[in-house]
Amino acid sequence: MSEIHPYRSKIFTALVAALFATASFAQPLARVQANGPFANSSLRYQPNIKKPAGQPMNFIMPTVSNQTTLLARVCKAASESELITEQPAGTLHDNLYGTSEGYLVMFGYVFHITLDGTVERYVEGSNGEVYIQNAICTIPSGSWIKGYKAEGDTIKFDFPQKYYAQDAIDANGNPTGEKEYFYAYRAVMNQKGSSFVPDPTSQTMSYVLRNDSLIRVDNHDNNVYLALCADNGGWCGYADYYQVWSKMNETASVPPASAEVSKYQVRFINKDGQDDARIINLAIDGKDLYLGNLSENAPDNWAKGKIDGDKAVFEGKIYMGVDPVEQIHSFFAPLGSKKIWDELYGVEVDSFYFEKSISFDYDAVAKTLKSDGMFDVNKGMNSVYPTISYGAPQMEPWVEVPGSPKDPVLLQFVPFDEAQGCGVLQFWFDKNSVDGNLLDAQKLYYNLYFDGDLFTAYPDEYTNISEEITDIPYYFSDNSFDFIANGNMHTLYFYMTGFTKLGIQTFYKDGDKVYKSNLVEYEIDDEGNFTPVETAIKGMTADNGNVTSVSFSDLSGRRVSNLASGVYLKTMKMADGTQKTVKVVKK
């Protein structure tokens, strides 16, 4: 009888898992639509920060008139402000540690969120001006707001200021070729407590520079919010009410040049209870032991521990450096857990907390490390929020043995649905070869085939990518919107209809040599039921050849270059001279 490891039964964050069911095989694969009270928000934005947990707030976003004298004057100031996208001249204060609280829109609802460990920066100009980047913590736009030094350590900012821009569209969803701007306003809650409106008493907010920290003085304590609004002052669902940026005094560990660096494989239980594995770097310098490449986002970051006889110990939260993808300060953190009852969902879940240390059994001869404990690469240092977590990690030296990956397995399929605006498929992509050797995930890719045609994702359809992609890397994700990589599970949202066969093939690129799995095909019916086609041949691909060109037309056959929302015909010409036309839906 096989043993079930205790980590397998753990639900890492039940609230997030329930809200973001798209990433979990245990939940239905359906994207939640923006059909709640906030569907009228004109902002088209996908948050790229910590995902919220819990119930949505009971806020609404009313249409705000500009009939009052004050608001008309404020709106005029908004229209005349400048969107600052380039770093201003002056002294840059970088790598600050940010903590903040506020609200953001997700799935058409507003959620409260606390952010910890964000990387922040500001610039002091030569004439007393001060610029802050990403002033609204819940929507980091990359732009800067401008203020000025006042008395003592006070800095004042006059609002509204341009903060965010997006491509404008008309009432039919067609691009106009112009930009639509959104503004940072000083805001207060309305009388009903259901939304935010521009503060009629003042549009100036104060910060202080104190003990190497930048602190916003006007905050929740005096019922003031920094909110994102349209040009008429209508709230867009994003706001924050607390913000402190502190100097980061910790230094990230880096192995010395004299350290012996080796490739190791670590097998572990990930935060979703899956058996997982990863190739990491391990360095030893005397009694110092370093672990690196623990996360895909920051492969050059390290955690430093100590070798003590037959033990290797990592004490406390260890600063690893900046995660350049998520722009957050990362820490190696030992973890523990306890059972709690979740009132919202009525289930028992594991609540995770920071432990003082994690100890590994260290075998210097076999060069192995093993632990029954758990650690993560944590976003910030004040609350548990993993980039990746490692339960019961078992480490040993890794030697590359190229080979064909195990065949992928389709887990779920939901056909295109008009109400959802998409279809979705999910499959299992094992990192092990058919010979049982762990493959380097950086060399792993997959292809998809719809009715035998090789799938290519284009930016016109998949708006979170900047260039077309056919060979999809193992860890590829577009901010977890259309492409989601979650351990060994991979999810794709698609916008095609009319096909009856789906093919999946994985492959390993080792220089000029390519090792392929079988092309695994499934017959798909209108209800989303799928049946394996027992004709897979090792290393074979669909026989229509590569796509040489793609064009789009409307349903009347007229050629279209800029796709707005709607239904189109996509025609793909193959290298063998054949062509294929499918119906696609642009969201």
Next item on the list: Considering only NZ, NE, NH1 and NH2 on the basic side and carboxylate oxygens on the acidic side, decide whether D94 and R121 come within less than 4.0 Å.
Entry: yes
Notebook entry, point to check: Hey, are the side chains of L291 and N281 touching, using non-hydrogen atoms and a 4.5 Å cut-off?
Noted result: no
Next item on the list: For the pair K146 and E82, find out whether any cationic side-chain nitrogen is under 4.0 Å from an anionic carboxylate oxygen.
Entry: no
Note to self: With a 4.5 Å cut-off on side-chain heavy atoms, are D275 and R267 touching?
What the structure shows: no
Next item on the list: Flag the pair K263 and E400 as a salt bridge only when some basic side-chain nitrogen lies within less than 4.0 angstrom of an acidic carboxylate oxygen.
Entry: no
Notebook entry, point to check: Hey, does the side chain of S330 reach the backbone of K379 with a donor-acceptor pair shorter than 3.5 angstrom?
Noted result: no
Next item on the list: Identify which one of F455, F413, F416, Y495 satisfies the ring-ring contact (aromatic ring centres under 6.0 Å, His included) criterion when paired with F450.
Entry: F455
Check: With respect to N447, which candidate in I472, L519, T456, T470 satisfies the side chain to side chain contact (heavy atoms under 4.5 Å, CB included) definition?
Finding: T470
Margin query: Any heavy-atom pair between the side chains of D471 and F507 that's under 4.5 Å?
Written below: yes
Checklist line | Pair D510 + K443: basic N to acidic O under 4.0 Å | finding: yes
Note to self: Take a 6.0 Å sphere around CG of D526 and say whether it holds more than 12 heavy atoms from other residues, nucleotides or ligands.
What the structure shows: no
Check: Does NZ or CZ of K162 come closer than 6.0 Å to the centre of the six-membered ring of Y181, within 45° of the ring's axis?
Finding: yes
Note to self: If the condition is side chain to side chain donor-acceptor pair (under 3.5 Å), which residues does S143 pass it with, not counting sequence neighbours?
What the structure shows: S141
Next item on the list: Measure across K271 and P386 and return the closest heavy-atom pair with its distance rounded to 0.1 Å.
Entry: NZ-O, 3.8 Å
Notebook entry, point to check: Can you tell me if Y163 uses its side chain to pair, donor with acceptor, with the backbone of I136 under 3.5 Å?
Noted result: yes
Check: Looking at Y445, is K509 sitting on its ring face, NZ or CZ under 6.0 Å from the six-membered ring centre and within 45 degrees of the normal?
Finding: yes
Item checked: For A298 against P324, the heavy-atom pair lying closest together -> CB-CD, 3.9 Å
